[in-house]
Amino acid sequence: MTIKKIQNGNEVTLALEGWLDTQAAPELLAELEKTEDGINSMVFDFSGLEYIASTGVRAVVFAYKKMNGALTVKGASPRILNIFKTTGIDKTVHFE
Amino acid sequence: MKKKIRASILTRIALLFLIAMIIASSITYFFVYDYMIDQEIQQGDRFAGAAAHSVSEMIESYGLENIMEELNTDEDTRDEMHSIFRFLCRSTNLRYLYLYTINEDGYRQYIICAANTDEDDQRMQREYAFGTTRTTPLYRAEINVLNRIKDEDYELIDNEYGWVCMHIVPMLDENGNIVAMIGADCGMERINADAMNDMWQVLLSGAAIIAVTCVIALLLIRHSVTRPIVALSQRMRRFAADRKETGTPDKRLILYEDEVTDIEEIFGTMTKDISRYVSDIEALTEERIYNQTQLDVARKIQDGIVPRECSVTGDRFEINGCMRAAREVGGDFYDLIRPDDRRVCAVIGDSSGKGVSAALFMTTVKASIRENIMAGRGLADTLNRVNRELCASNPENMFATVSALMLDTETGIVTIANAGHEKPLILSREPFYPDVMSGVALGLFENSQIDEQKIVLRDGDGIFLYTDGVTEAIDTGRNPYGDERLREMVRAEYSEDSRSYDTLALIRDTLASVDAFAEGGEQFDDITCLALVYKGSADAWRTLPPELGSFGTVKELTISALGENDRAIDIVLACEEIFTNIVNYSGADEIRFAGRCIGDTWLAAFADNGTAFDPVTAEREMPQFEELDRGGMGIMLARMKSSDMVYSRIDGYNILTMVFEAEMPEK
């Protein structure tokens with residue numbers, strides 16, 4: 001999995017590509033941990049994401065809490081979107 | 001018993017009478033004879049005495065001295081006296097009459113001797129002529145008279161002159177000296193003949209009276225005893241032969257009731273009773289034979305419905321079942337059904353009651369179950385339908401406990417449904433009774449619900465089903481065989497070489513073990529058991545190091561088999577969630593994985609020796625959003641992405657098999 005980080009003022013966009021599996025999740029969590037102060041909005045770009053495991057979903061929730069809800073997920077494939085729907089996260093997190 | 005001589009009672013009584021008569025007559029004869037003889041002697045003596053006294057008086061009338069003088073000297077006087085003597089002899093019927101003296105030497109010296117008959121008289125004339133002296137000793141009577149012991153005396157004498165009663169009368173002179181003696185002999189032959197004649201008259205008349213009495217007694221006995229007894233014995237014989245005796249005695253005149261009439265009456269009642277009992281017993285026997293025949297036929301039919309031993313084997317399984325009824329027919333049953341090539345269904349059951357009713361009910365239950373299974377219905381569905389069918393028409397309130405299992409021979413997944421039956425026993429290295437949901441026995445409540453559950457078997461594992469005839473068999477001390485003994489017995493059958501069980505040996509050894517336990521006691525309940533072993537599908541199990549990085553193997557295997565598509569990725573997701581869970585939480589140091597296609601279906605199986613954890617029942621509720629970052633949704637995801645997920649804990653291993661159909665049903 002690769003993570004592209006684009007910072008734009010107080011908003012940061014993380015573009016994930018490949019498989020966000022159990023092994024890759026800690027990498028994402030580490031990236032989220034080191035988010036600089038002052039960032040108060042986050043966008044996940046999942047258009048290149050092929051796979052997400054439950055640990056990945058947990059990372060998204062973690063990010064949501066960290067941004068105090070200022071999180072947008074965009075470009076998720078129907079399959080990945082389905083997982084978020086299944087877990088009920090789509091009701092809280094904003095998907096585009 | 002030795003055959004005895006046959007003689008009728010009447011004959012024997014008559015014989016006894018005869019013998020008694022003879023003995024009585026003989027005794028009478030001896031006693032009466034002596035008495036009669038005595039009487040006759042006395043009579044003879046009286047005759048003789050009378051004659052002697054006549055002679056004595058006659059002589060005295062002549063003057064004793066004169067006549068003695070004349071007799072000694074004058075032959076004419078002697079002839080005249082002899083004539084008188086003969087006349088007296090004849091008129092008094094004496095045999096001899098004689099006059100004699102005893103001389104100085106003590107010998108008899110005869111003066112006149114006369115006899116009754118001419119022959120005797122001539123002999124007397126020759127041998128006892130006047131003056132003849134006889135030196136023969138004097139008789140007792142003569143001595144008695146001579147010695148004046150008695151005035152006159154008599155004596156019975158038997159010598160060459162005959163058998164006579166001699167009477168001696170002395171002739172005395174004025175001085176009382178004995179001058180001569182008169183002897184009068186009365187012939188005893190005649191006296192005896194008379195005596196005999198008299199005696200015979202007495203005896204014969206007595207005998208005649210006794211005989212008549214006897215005959216009357218015999219007639220009476222014959223009428224009231226022997227004839228009725230003979231008739232009774234004939235009736236008894238007839239009764240013994242054909243039991244057709246009516247019990248009515250022969251017609252006869254009955255004046256008094258007695259023992260015989262009692263016997264007749266009792267016999268009459270008895271024959272009627274016995275006849276009734278016999279006809280009852282005959283009817284019962286006939287019925288029993290009929291019933292036995294029916295039961296034999298029923299048994300043959302049941303042998304067809306529930307074979308005593310039955311075996312079904314396939315490439316991936318082996319089942320052996322057996323049933324041994326306690327009576328001709330029983331309520332236990334088992335059935336091996338193949339609804340299709342892939343699945344095999346094993347059913348075991350025990351209907352309430354025993355014997356024919358149980359067998360009849362069992363047949364319905366078994367047929368119904370088979371029909372539903374063959375129609376493609378699931379186990380729980382089948383049992384619930386059968387339950388409703390039974391409840392709809394069950395006048396005797398019969399019920400049946402049933403345990404059914406369906407083995408998917410491709411996956412090793414076993415569906416189990418239990419309606420109040422004994423717990424199944426899992427056949428593994430360490431056999432155990434799994435927690436199986438048990439519904440109510442079939443036929444009891446229309447709205448009862450039976451559920452099914454699934455377990456997964458490893459290669460070589462199996463399931464053992466049995467009826468209470470096994471676990472509730474009792475020994476002589478009335479201890480039950482029990483679940484634990486069964487488990488121990490089964491455990492000893494495990495083969496380390498094949499890592500499995502020989503199902504045929506298992507069921508046979510189970511019966512033998514129960515028999516040995518009961519120690520030859522009568523089997524009181526049907527015994528049925530059924531052993532199933534899953535031989536497996538030769539899955540290629542891979543061992544994965546217990547670390548997250550090992551999951552790549554699973555992913556590659558799945559993608560390479562199914563291609564990189566949405567379905568394959570969903571399968572990988574489900575597998576990853578499970579694998580992650582094992583690695584992170586179970587503490588397993590051995591994890592194995594097998595994945596393969598069965599037609600369009602993908603099968604993924606994990607086995608680990610970690611802490612027991614059943615992902616099928618765990619985490620049924622999705623956590624709240626706020627807690628999602630702490631996990632708790634992985635197992636849910638895995639469950640959602642798989643069509644079916646079956647878990648077993650066997651021999652310290654968590655066994656999880658996930659099925660992924662080509663078309664995922666909506667969840």
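Below, each value reflects all heavy atoms present in this structure, side chains not excepted, and no hydrogens, waters or symmetry copies. Every chain is numbered from 1, with letters handed out A, B, ... down the list of sequences.
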Trainee: Can you check whether A:F95 and A:F84 have ring centres sitting under 6.0 Å from each other?
Mentor: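 Centroid separation for A:F95 and A:F84: below 6.0 Å.
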Trainee: Less than 4.5 Å apart, side chain to side chain, heavy atoms only: is that true for B:R342 and B:I598?
Mentor: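 When only atoms from C-beta onward are counted, B:I598 and B:R342 do touch, with a gap below 4.5 Å.
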Trainee: Ring-plane angle category for A:Y51 and A:W19, please: parallel below 30°, perpendicular beyond 60°, tilted otherwise.
Mentor: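 Rings of A:Y51 and A:W19: parallel, under 30°.
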Trainee: Is A:K65 close to chain B through its backbone or its side chain, or both, or neither, when contacts mean heavy atoms under 4.5 Å?
Mentor: side chain
Trainee: Measuring heavy-atom distances to chain A, does B:L548 have an atom under 4.5 Å in its side chain, in its backbone, in both, or in neither?
Mentor: both
Trainee: Salt-bridge test for B:D566 and A:R79: reply yes if a basic N is under 4.0 Å from a carboxylate O, no otherwise.
Mentor: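 Yes, charged N to carboxylate O under 4.0 Å.
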Trainee: At a heavy-atom separation under 4.5 Å, does A:T22 approach chain B through its side chain, its backbone, both, or neither?
Mentor: both
